[in-house]
A.B. asks: 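Quick one: structure below, then a few questions.
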Number of protein chains: 2
Amino acid sequence: MSLDFFHRPASVAVVGASDDPEKIGGRPLRYMREFGYGGLVVPVNPKREQVQGMATVARLEDSPVVPDVALIGVPGEAAVRAVATAADMGVKGCVVMSSGFGETGRTEGAALQAELLGHARRTGMRIVGPNSQGLASFHSGAVLGFSTLFTEEPPADGPVGIISQSGALASVPYGILRRRGIGVRYAHGTGNDADVSASELAVTAIDDPELKLLMLYLENVGDPEWLVQLGERSRANGVPVVALVGGRSQRGSRAAASHTGALATERRVLDAFFERVGIWQVQSVRELVSASELYLQDWAPTGSSLAVVSNSGAVCVLAADAAEDAGLPLASLAPSTVSRLVEELPAFAATTNPVDVTAALLTDSSIFGRVLPVLGADPSVDACLLGIPVAGRGYDVDQFARDAATFAASGTPLVCAIPQPNVAAPFVALGLPVFEEEASALAALGQYLAHLRRMSRADTLPRPVTGARPSVTPGALNESESLAGLAELGIPVVPHELVSSAAQVGDAFTRLGVPSVVVKGCSSDATHKSELGLVRLRRTSPSSASSAAAEIAASAALHGLELDGFLVAPMVSGLHEALIGAHLDPVFGPVMVIGAGGVHVEAVPDTQVLLAPCTVEEVHEAIARLRLAPLLAGVRGEEASDVDAWAKAVVRASEALADPTSPVAGFDANPVMLLADGVVAVDAVVLRR
Amino acid sequence: MSLDFFHRPASVAVVGASDDPEKIGGRPLRYMREFGYGGLVVPVNPKREQVQGMATVARLEDSPVVPDVALIGVPGEAAVRAVATAADMGVKGCVVMSSGFGETGRTEGAALQAELLGHARRTGMRIVGPNSQGLASFHSGAVLGFSTLFTEEPPADGPVGIISQSGALASVPYGILRRRGIGVRYAHGTGNDADVSASELAVTAIDDPELKLLMLYLENVGDPEWLVQLGERSRANGVPVVALVGGRSQRGSRAAASHTGALATERRVLDAFFERVGIWQVQSVRELVSASELYLQDWAPTGSSLAVVSNSGAVCVLAADAAEDAGLPLASLAPSTVSRLVEELPAFAATTNPVDVTAALLTDSSIFGRVLPVLGADPSVDACLLGIPVAGRGYDVDQFARDAATFAASGTPLVCAIPQPNVAAPFVALGLPVFEEEASALAALGQYLAHLRRMSRADTLPRPVTGARPSVTPGALNESESLAGLAELGIPVVPHELVSSAAQVGDAFTRLGVPSVVVKGCSSDATHKSELGLVRLRRTSPSSASSAAAEIAASAALHGLELDGFLVAPMVSGLHEALIGAHLDPVFGPVMVIGAGGVHVEAVPDTQVLLAPCTVEEVHEAIARLRLAPLLAGVRGEEASDVDAWAKAVVRASEALADPTSPVAGFDANPVMLLADGVVAVDAVVLRR
């Protein structure tokens with residue numbers, strides 16, 4: 001159901017309406033008047049007949065209409081009573097600004113919050129908050145909140161939406177964007193997210209046809225289904241979503257848990273999730289806002305090869321360095337482009353990329369206007385940086401800006417690095433993205449282009465599985481059962497026999513008919529079997545295999561371990577040792593881990609995380625990111641490993657895990673021997689739910 | 001010799017003096033008049049009796065005094081004649097602004113530049129440039145240059161020096177600092193550095209007792225001896241040097257080579273060099289200027305444990321994340337500190353670190369003034385972040401700023417994250433470092449603290465060896481000679497015998513008296529011996545060793561390789577395989593490489609670079625940075641490797657290489673087997689000069 005009534009309510013009751021326009025219950029009244037809210041406002045105040053010149057009603061139930069939204073600014077028990085009344089009246093939604101609820105970490109607060117939620121559930125009314133700074137929608141003027149920043153930085157409706165769990169993190173990007181002259185349509189601080197979450201509200205906002213960019217601040221992912229939907233609508237509507245999720249460090253996560261009760265989730269799973277749904281994740285407020293101007297352009301970028309133009313050789317050098325950092329390869333210009341540049345530029349200019357037009361700019365103001373189209377016409381150029389470190393008096397800066405704007409209007413992304421505010425001003429006035437220096441400009445360009453690529457790609461990937469699974473204490477299977485479980489999941493396993501006595505181990509050797517076997521004590525109690533003396537390698541006769549079993553039995557007895565039998569299997573050596581693992585993330589569900597295998601995986605981890613189900617392309621890309629990757633094709637005369645067999649085994653297992661009825665809670669297959677033809681898991685632990 | 005005459009010349013002749021104050025030969029006259037130069041200015045112009053109201057002389061030699069500095073603004077041949085005249089007159093130094101010399105990449109330009117240099121060498125006169133934007137010293141008003149930016153952003157003398165090869169990269173940080181209200185004493189753009197380099201000029205500037213921070217932009221290191229001296233004086237004077245070296249990417253390096261003829265040097269060697277001399281290296285203009293305000297404080301930091309205080313829970317969360325990125329651990333507050341915070345703060349505040357003072361700030365303006373001293377008194381707190389994401393009307397912002405300034409004046413570093421300009425203003429006015437958000441603030445704090453640590457540490461490290469070595473085409477020794485060479489360098493090598501026939505290989509086996517040997521074909525032609533069939537492992541009898549030699553001889557014949565004999569050595573397996581290498585960097589001299597060894601070092605490199613000579617502590621730290629490091633202590637029951645023996649072998653070899661008379665041009669010992677007790681190199685190539 002759309003929550004658009006929070007954005008364009010026909011009527012708003014303000015419970016706790018204050019005559020003082022600086023009080024929490026007074027500011028929304030003032031803001032709605034000042035910022036042009038056209039609906040009906042019903043101030044509720046039992047003690048005054050008027051507040052801020054508006055007639056009040058004494059109680060919410062006295063409202064002449066059933067308001068679309070009730071904005072609650074009274075504390076504690078009074079807030080609960082107001083919410084109960086609103087629910088009884090058939091109010092569509094409440095915004096509860098009052099604090100003293102779940103965020104206190106105290107029993108009474110949590111109980112009051114549960115009461116609020118109970119009233120909402122009873123009638124289907126929705127609640128934003130409690131402990132919410134409120135929602136502000138500047139297209140409608142419906143400012144259902146009390147942020148002081150709207151007086152400090154006057155609002156203007158525009159193409160950016162900001163939806164944040166934290167009031168401060170709604171206000172900070174709002175202020176930064178407004179000071180940069182960018183209009184903001186939504187500036188929401190949702191608070192405790194007891195009912196409506198920031199993500200759910202974002203799903204409504206992103207269907208707004210005027211929106212071009214949505215920013216999200218979260219500390220608590222809540223139900224990831226809303227983010228999956230947000231990603232889908234982001235891609236369908238062509239409105240990119242940039243998200244900052246606080247708490248990625250251990251200490252930050254602890255602070256977030258105390259602040260909003262965030263659930264700890266492995267950061268790499270979160271990263272994989274955002275990649276899958278096409279949302280761009282940033283690490284700081286600076287990154288949250290840095291590329292905003294780029295998202296607001298009407299460009300249709302086709303690639304990421306960069307051309308650099310500057311009147312400074314040093315800026316050319318630094319831009320080439322920064323382009324590498326930003327993942328933007330420098331375009332190799334076509335010979336015809338170079339010839340045309342030679343015609344257009346003075347003798348000492350650099351006519352390859354980066355293009356150094358030199359100080360000739362001072363005497364030839366049309367130089368950018370001639371050079372940029374030449375670069376734009378080269379099919380190898382996907383985007384441009386224009387760097388003007390020094391200009392001012394004597395330079396025709398207005399002409400430079402006009403030429404840049406004409407070029408950008410042709411559809412090729414253009415970013416400018418212009419440190420002097422007076423030189424930057426005409427570029428900014430023409431709507432161009434201007435940065436203080438080349439590294440910031442190219443980082444923003446790199447983010448923008450990578451984000452659009454991520455959005456296109458997300459359309460080709462499976463939808464994440466987000467339903468929670470009944471939580472049962474997981475139990476480990478023994479190795480024989482685990483290998484059988486792996487095989488069911490589609491991962492090839494080593495042939496093996498489980499026998500119950502040392503004598504039978506000798507017989508198993510003979511039946512296997514291989515030159516050399518491994519004998520292991522089979523137990524669901526034991527991990528790190530080698531250290532416990534439960535593994536004997538390279539036994540080459542029935543008798544040595546039998547005696548291995550006897551040694552293992554003695555070790556097990558020493559450590560008080562119950563054995564389910566002896567596992568006998570051929571010795572297999574791979575070209576390389578890999579691992580395939582899986583677990584259920586408490587927020588995001590089934591997750592695959594792939595990486596280098598062997599006994600050192602904990603000490604020197606080399607792994608990648610993927611959401612299940614995953615595609616074979618995704619697994620190949622993840623494998624390519626492993627440190628192990630360069631060895632897999634075979635170096636220095638070694639054979640190539642069958643990477644495709646590895647990838648396909650991962651995909652099969654991921655599909656099995658993605659089935660919500662799967663009995664498997666996780667597994668760890670390590671090592672998985674990579675062979676020249678195929679792969680085979682030789683050791684495994686499977687956990688059942 | 002001090003170049004201070006360039007900074008405080010008693011007299012300046014301007015050759016090519018122009019009446020037009022916007023021309024290159026006119027601007028210096030105007031600037032010196034406007035910015036208070038008190039010495040004698042002699043305009044040289046054969047065509048006018050007066051320029052800008054000053055009487056001219058027709059020719060430089062007509063100057064009434066021998067000027068300290070001649071500033072040359074005439075082109076090509078005329079510039080060469082003026083420099084020749086200046087040399088003849090006994091002028092101390094010339095600043096040649098004219099272009100058309102070495103920077104053109106053309107023969108004529110290079111020849112003219114050589115002529116300039118010849119005149120200087122003839123008399124000991126010094127030259128800055130050619131192609132220099134000029135030198136600007138604002139304590140003396142001696143503006144010997146033409147940067148347009150001094151009209152755009154009026155100068156003010158202050159504690160920062162900027163010395164740059166590029167004019168633009170002198171102007172850009174100058175402008176950024178000036179707009180932030182920071183005074184700049186030197187803004188030099190040196191150009192082609194034919195004689196005086198930016199680094200040499202920096203060595204003079206850093207002895208200025210008023211300087212607190214020096215910024216350097218280089219594309220070309222030139223003679224690293226100047227940077228060694230700069231580092232020494234930086235540490236002795238307590239004036240940090242922050243350096244940006246353009247051209248670290250492949251394309252950037254190519255652009256730098258065409259721009260200033262920079263010599264390609266491996267970036268990791270440059271990094272090791274700057275670390276050794278205590279200069280902080282940044283990657284962009286943003287980083288060059290970002291921590292400036294911190295360097296200008298009179299703090300005496302003792303460590304890097306951070307306390308965070310904010311009125312926003314989200315800022316606390318994000319600051320904890322950013323602190324981790326910046327290498328700043330969050331301080332664990334003493335129980336007594338927490339008790340005092342509980343007393344000072346409202347019930348719902350977070351009284352552990354990060355400290356969330358909550359919205360109570362609005363009603364209690366003294367809260368920062370009470371909380372900051374409590375944190376400052378805790379010995380675990382080395383630095384603080386104060387985050388105020390939202391404030392404004394209703395808040396006593398001036399009081400917050402005063403309380404912050406009082407705290408910072410007590411000597412504990414304090415950075416502020418305050419996005420609203422009007423809230424930030426009183427903090428800035430009191431000289432506090434203010435940033436738009438927490439991540440930028442903590443990145444700057446992290447740089448500042450790490451830089452001061454690097455400076456202290458540099459005092460304990462050996463002085464880099466910078467003298468160039470006679471360049472002789474290096475020749476590879478065969479393995480036997482190489483092993484002998486390694487042993488001379490102090491690296492333990494495997495015992496071995498070099499014999500000339502297959503029969504003698506069997507005898508050598510017997511003499512070695514070990515259970516298993518390796519037999520190798522010994523040749524100085526061959527690297528990657530295994531692929532060529534020149535290595536046979538694990539021969540366990542005289543006859544199998546002999547037949548190995550016969551196989552090797554056949555392989556050698558097949559590949560047309562001349563063998564110097566057969567090398568027979570015991571099979572040694574290490575706990576881990578390491579490598580020790582060395583080479584002569586064309587700029588920085590002898591360099592050591594350590595890392596994980598084995599056949600995959602090229603495909604999956606895991607190495608660290610150190611300047612020779614190095615200390616055993618440095619090597620231990622470098623080893624700790626290796627990916628291999630966690631394995632060296634022994635994991636999962638494995639034995640620990642003798643890391644100290646490895647480190648000491650590296651130090652001995654580094655000391656031998658640091659001797660300028662060393663005949664060794666480089667070596668590659670791989671693998672070096674790490675044993676439980678000691679290390680032993682089993683394969684090596686040594687290059688002689």
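Just so we're on the same page: letters track the sequence lines, and every chain starts at 1. Below, each value reflects all heavy atoms present in this structure, side chains not excepted, and no hydrogens, waters or symmetry copies.
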A.B. asks: By salt bridge (Lys or Arg N to Asp or Glu O under 4.0 Å), which residues pair with B:Asp325, not counting sequence neighbours?
C.D. replies: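 Partners of B:Asp325 by the salt bridge (Lys or Arg N to Asp or Glu O under 4.0 Å) criterion, ordered by chain and then number, come out as A:Arg248.
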A.B. asks: Examine whether an atom of B:Glu438 lies under 4.5 Å from a heavy atom of chain A, and if so say whether it belongs to the side chain, the backbone or both; otherwise answer neither.
C.D. replies: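 Only the side chain of B:Glu438 comes within 4.5 Å of chain A.
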A.B. asks: Who are the salt bridge (Lys or Arg N to Asp or Glu O under 4.0 Å) partners of A:Arg251, not counting sequence neighbours?
C.D. replies: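 Checked A:Arg251 against salt bridge (Lys or Arg N to Asp or Glu O under 4.0 Å); zero matches.
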A.B. asks: Heavy atoms only, distances under 4.5 angstrom: which of B:Pro329, B:Ser284, B:Ala439 has the most pairs with chain A? Name it, please.
C.D. replies: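 Answer, by heavy-atom pair count under 4.5 Å with chain A: B:Ser284.
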A.B. asks: Going from CG on A:Asn311 to CG on A:Asp356, what distance comes out if it is rounded to the nearest 0.5 angstrom?
C.D. replies: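 A:Asn311 atom CG to A:Asp356 atom CG measures 8.0 Å (nearest 0.5 Å).
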A.B. asks: What part of B:Val285 gets within 4.5 angstrom of chain A, counting heavy atoms only: side chain, backbone, both, or neither?
C.D. replies: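 When you check distances to chain A, atoms from both the backbone and side chain of B:Val285 fall under 4.5 Å.
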A.B. asks: Judged by atom type as modelled, is there a donor-acceptor pair below 3.5 Å linking the side chain of B:Arg393 to the main-chain atoms of A:Leu149?
C.D. replies: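 Flag not set: sc B:Arg393 to bb A:Leu149 has no pair under 3.5 Å.
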A.B. asks: Please classify the contact between B:Asn353 and chain A as side chain, backbone, both or neither, with a heavy-atom cut-off of under 4.5 Å.
C.D. replies: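 Interface part for B:Asn353: both.
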A.B. asks: Quick one: pull up CD in B:Glu324 and CG in B:Leu306 and give me the separation to the nearest 0.5 Å.
C.D. replies: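 So the CD of B:Glu324 and the CG of B:Leu306 are separated by 12.5 Å.
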A.B. asks: Under a 4.5 Å heavy-atom cutoff, which of A:Gln283, A:Arg106, A:Glu602, A:Glu153 has the most pairs with chain B?
C.D. replies: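 Among A:Gln283, A:Arg106, A:Glu602, A:Glu153, the one with the most close pairs to chain B is A:Arg106.
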A.B. asks: Counting only non-hydrogen atoms closer than 4.5 Å, does B:Gln420 touch chain A with its backbone (N, CA, C, O), its side chain (CB onward), both, or neither?
C.D. replies: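 The answer is both parts of B:Gln420.
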A.B. asks: Given a strict heavy-atom distance threshold of 4.5 Å, which part of A:Val390 is in contact with chain B: side chain, backbone, both, or neither?
C.D. replies: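 Looking at A:Val390, just its side chain touches chain B.
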